[in-house]
Amino acid sequence: TGAVTYTFPDVADGDKGDTWTVVNASDQSITCARSSDTQFSKLVAGSDPALATSVTISKGGVAEFVVTDEDVITVFGSGIS
């Protein structure tokens, strides 16, 4: 199969607390893209939170996506970049 991309919806203030879990059981990376103005806030151990327009989940990775603010989806887990 070819490359896989999931596009997340634009999120508003009323969406705070909504979550998605992505489990990559494939043999390729998954790209998680944004819609409109929404950004990802990546939490990676040993680093400060970083805003990004996309997140890549490597094969075997698991990521949790949580709406934490208007236009912000915070992501953490294993195998994210």
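Throughout, residue positions are numbered sequentially from 1 according to the sequence presented.
- Going from atom CD of Q28 over to atom CD1 of I30 covers 9.5 Å, rounded to the nearest 0.5 Å.
- Hydrophobic clustering (side-chain heavy atoms under 4.5 Å, transitive across Ile, Leu, Val, Met, Phe, Trp, Tyr) keeps V23 apart from I73.
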Anything under 3.5 Å between a donor and an acceptor, one on a side chain of residues 34-50, the other on a protein residue two or more places apart or in another chain? List them.
residue, atom, partner, partner atom, Å
R34, NH1, T38, O, 3.4
S35, OG, F8, O, 2.5
T38, OG1, D10, OD1, 2.6
T38, OG1, V11, N, 3.0
K42, NZ, S81, O, 3.4

Please report, to 0.1 Å, the donor-acceptor pairs under 3.5 Å made by any side chain of residues 53-72, with sequence neighbours excluded.
residue, atom, partner, partner atom, Å
S58, OG, G79, O, 3.3
E64, OE1, T21, OG1, 2.5
T68, OG1, T74, OG1, 2.8

